[in-house]
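To start, the structure under review is shown below, and the notes come after it.
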Amino acid sequence: GDVTTLALQGTTVPGTNNTQAYTFLQGAGRIDINDAGDTVFMGRAGTSQPNVLLKNVAGTTTLLARANDVIDGVTISGFNNTRDPVITGNGTVIFEANITTGLAGSFGVFKHDPTTSLTDMLYATGDVTYGPGDGLRFADIHSVSANAQGDFTFYAQLAGTGVTGDGLNDEAFFAYRNGRLEIVAREGDLFDVDPTAGVDLHRIHAIINDSQLINVGGQDGRRSNINDNGDVVFSLIFNNTPGVYTAGVFINSVPEPMSLALLGGGAMLLLTRRRR
């Protein structure tokens, strides 16, 4: 079939006023595609580390972000070539970038909106200012799964208020749906496993993360935790009795509009929640 060249080493990087050329293009997963053929890819321009992120739509390539860009008051220092950018069915791009704020080695999670062409930083590690709230900060964010609408899930290590540091309550699974961040499950919390109106609470010992799951845009053929309806699938290990472990697989559906209204302006949905 036909071959379209999106970028080529030695050619000018779009958006740099013809002052920078590609010195290397990142493969090995640092690229993503949706069903419309829109793509996102990472590259290097004059450095030994990835420092430019680009998007191609209908044959036109644009620069989304580069090192030294300031987004929401935070400076991007570069990109980690083990953290893949993803592009969703509606053209939303979700990417992670190294930043200069917070603790050493901090990085942010950014979302590019195709309808406004604006890029915002949603969350970042190393600083409670960009954490999930309640005095918590993200120590790590990984395994982003997105759907066609640009909603996504991720696993996170937590630090800060109430985190004991003994591996009992420092991991959580989050969903970002309809512009809201929800905590789907967290180690140490009670979780209702009864699918009826009854209540059967189990203590979460661990959240099982697929070790092979890398950042996924939902239309690239890779495994995902979230479907286009916003339903999220995940697996938990429980430990109600010392030395006795049980496990289960669950679906968390999008909260009903009335439920969201009753929750008010809080950023996180805490503790037990009902599933179908």
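Position 1 is the first residue of the sequence; numbering continues from there.
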Item to check | Spatial distance of atom CG (Asn90) from atom OG1 (Thr115) [nearest 0.5 Å] | outcome: 8.0 Å
Next on the checklist: Membership question, hydrophobic clusters at under 4.5 Å side-chain separation (ILVMFWY): are Val74 and Val128 in the same one?
Outcome noted: no
Checklist entry - Just wondering, do Arg222 and Asp32 contact through their side chains at under 4.5 Å, heavy atoms? => result yes
Checklist entry - Can you hop from Ile87 to Met121 via hydrophobic side chains spaced under 4.5 Å? => result yes
Checklist entry - Heavy atoms, side chains only, cut-off 4.5 Å: are Asn98 and Phe79 in contact? => result no
Item to check | Nearest heavy-atom neighbours spanning Gln219 and Asn34 | outcome: OE1-CB, 3.3 Å
Item to check | side-chain hydrogen bond (donor to acceptor under 3.5 Å, both in side chains): pairs with one or both residues in residues 67-76, sequence neighbours excluded | outcome: none
Item to check | Candidate pair Asn147 and Phe152, rule side-chain contact (heavy atoms from CB on, under 4.5 Å), full reasoning | outcome: CA-CA 6 Å; Asn147 66 10; Phe152 61 94; over 6 Å; no
Item to check | Nearest non-hydrogen partners of Val254 and Asn229, listed with the distance | outcome: CG2-O, 3.4 Å
Checklist entry - With a 4.0 Å cut-off, would you call Asp170 and Arg186 a salt bridge? => result no
Checklist entry - Do Phe250 and Ile207 share a hydrophobic cluster (ILVMFWY, side-chain heavy atoms under 4.5 Å, transitive)? => result yes
Next on the checklist: Evaluate Phe110 against Ile71 for side-chain contact (heavy atoms from CB on, under 4.5 Å), listing each step before the verdict.
Outcome noted: CA-CA 9 Å; Phe110 296 82; Ile71 298 176; 3.9 Å; yes
Checklist entry - Can you check whether Val184's main-chain N or O pairs, donor with acceptor, with Asn252's side chain at less than 3.5 Å? => result no
Item to check | Main-chain N/O of Gln49 paired with Thr47 side-chain donor or acceptor, under 3.5 Å | outcome: yes
Item to check | Verdict with supporting geometry, Ile237 and Thr246, side-chain contact (heavy atoms from CB on, under 4.5 Å) | outcome: CA-CA 6 Å; Ile237 296 176; Thr246 59; over 6 Å; no
Checklist entry - Would you say Val163 and Leu168 are hydrophobically clustered, going by side-chain heavy atoms of ILVMFWY under 4.5 Å? => result no
Checklist entry - Do Lys55 and Val57 come close enough that some side-chain heavy atom pair is under 4.5 Å? => result yes
Next on the checklist: When you measure from the side chain of Ser145 to the backbone of Ser224, do you find a donor-acceptor pair of N or O atoms at a distance under 3.5 Å?
Outcome noted: no
Item to check | Pair Tyr130-Tyr123, ring pair (Phe, Tyr, Trp, His ring centres under 6.0 Å): steps then yes or no | outcome: CA-CA 5 Å; Tyr130 308 103; Tyr123 309 105; 9.4 Å; no
Next on the checklist: Classify the ring geometry of Phe154 against Phe174: parallel below 30°, tilted from 30° to 60°, perpendicular beyond 60°.
Outcome noted: parallel
Item to check | Asn225 vs Phe173 side-chain heavy atoms within contact, under 4.5 Å | outcome: yes
Item to check | Donor-acceptor contact below 3.5 Å, side chain Asp194 vs main chain Ala197 | outcome: no
Next on the checklist: Side chains of Leu118 and His112, heavy atoms from C-beta outward: is any pair under 4.5 Å?
Outcome noted: no
Next on the checklist: Tell me the closest heavy-atom pair linking Ala185 and Ile204, and the distance in Å.
Outcome noted: CB-CD1, 4.0 Å
Item to check | Basic-acidic side-chain contact under 4.0 Å: Lys111, Asp120 | outcome: no
Checklist entry - Measuring from Thr61:OG1 to Leu64:CG, what's the distance to the nearest 0.5 Å? => result 10.0 Å
Checklist entry - For the side chain of Thr161 and the backbone of Leu136, is there at least one donor-acceptor N/O pair under 3.5 Å apart? => result no
Next on the checklist: I'd like to know whether Thr39 forms a side chain to side chain donor-acceptor pair (under 3.5 Å) with Asn56, so could you lay out the CA-CA distance, the side-chain angles of the two residues, the decisive distance to 0.1 Å, and finally the verdict.
Outcome noted: CA-CA 5 Å; Thr39 60; Asn56 184 280; 4.5 Å; no
Item to check | Minimum heavy-atom distance between Ile94 and Ala146, given as atom pair plus value | outcome: CD1-CB, 4.0 Å
Item to check | Residue pair Leu53 / Pro85, side-chain heavy-atom distance below 4.5 Å | outcome: yes
Checklist entry - Relative to the ring of His142, is the ring of Tyr155 parallel (under 30°), tilted (30 to 60°) or perpendicular (over 60°)? => result parallel
Checklist entry - Do Val86 and Phe95 touch side chain to side chain, with heavy atoms closer than 4.5 Å? => result no
Checklist entry - Any donor-acceptor pair under 3.5 Å linking the side chain of Asp228 with the backbone of Ala148? => result yes
Checklist entry - Do the rings of Tyr22 and Phe41 sit parallel, tilted or perpendicular, given the 30° and 60° boundaries? => result tilted
Checklist entry - side-chain contact (heavy atoms from CB on, under 4.5 Å) between Arg203 and Leu190: does it pass, once the steps are laid out? => result CA-CA 5 Å; Arg203 182 77 63 183; Leu190 291 173; 3.6 Å; yes
Checklist entry - Shortest non-hydrogen contact from Ser143 to Asn209? => result OG-ND2, 3.6 Å
Checklist entry - Is Arg83 positioned over the aromatic face of Phe107, cation under 6.0 angstrom from the ring centre and no more than 45 degrees off axis? => result yes
Item to check | Whether Asn215 side chain and Val144 backbone form a donor-acceptor pair below 3.5 Å | outcome: yes
Checklist entry - Roughly how far, to the nearest 0.5 Å, is the CZ atom of Arg30 from the OG1 atom of Thr82? => result 6.5 Å
Checklist entry - Has the side chain of Asn169 got a donor or acceptor atom that lies under 3.5 Å from a matching backbone atom of Thr164? => result yes
Next on the checklist: Using only atom types and a distance under 3.5 Å, with no angle test, would you say the side chain of Ser106 pairs donor to acceptor with the backbone of Thr125?
Outcome noted: yes
Next on the checklist: Quick check on ring-ring contact (aromatic ring centres under 6.0 Å, His included): which of Phe238, Phe191, Tyr245 does His205 satisfy it with?
Outcome noted: Tyr245
Checklist entry - Does Glu187 offer a backbone N or O that forms a donor-acceptor pair with the side chain of Glu171 under 3.5 Å? => result no
Item to check | Joint hydrophobic cluster, Val40 plus Ile33, side-chain heavy atoms closer than 4.5 Å | outcome: no
Next on the checklist: For Arg177, is there an ion pair with Asp231 - N to carboxylate O distance below 4.0 angstrom?
Outcome noted: no
Item to check | Distance-minimising heavy-atom pair for Leu63 and Pro14 | outcome: CB-O, 3.3 Å
Checklist entry - When Arg66 is tested against each of Val13, Ile76, Thr16 for side chain to side chain contact (heavy atoms under 4.5 Å, CB included), which residue passes? => result Thr16
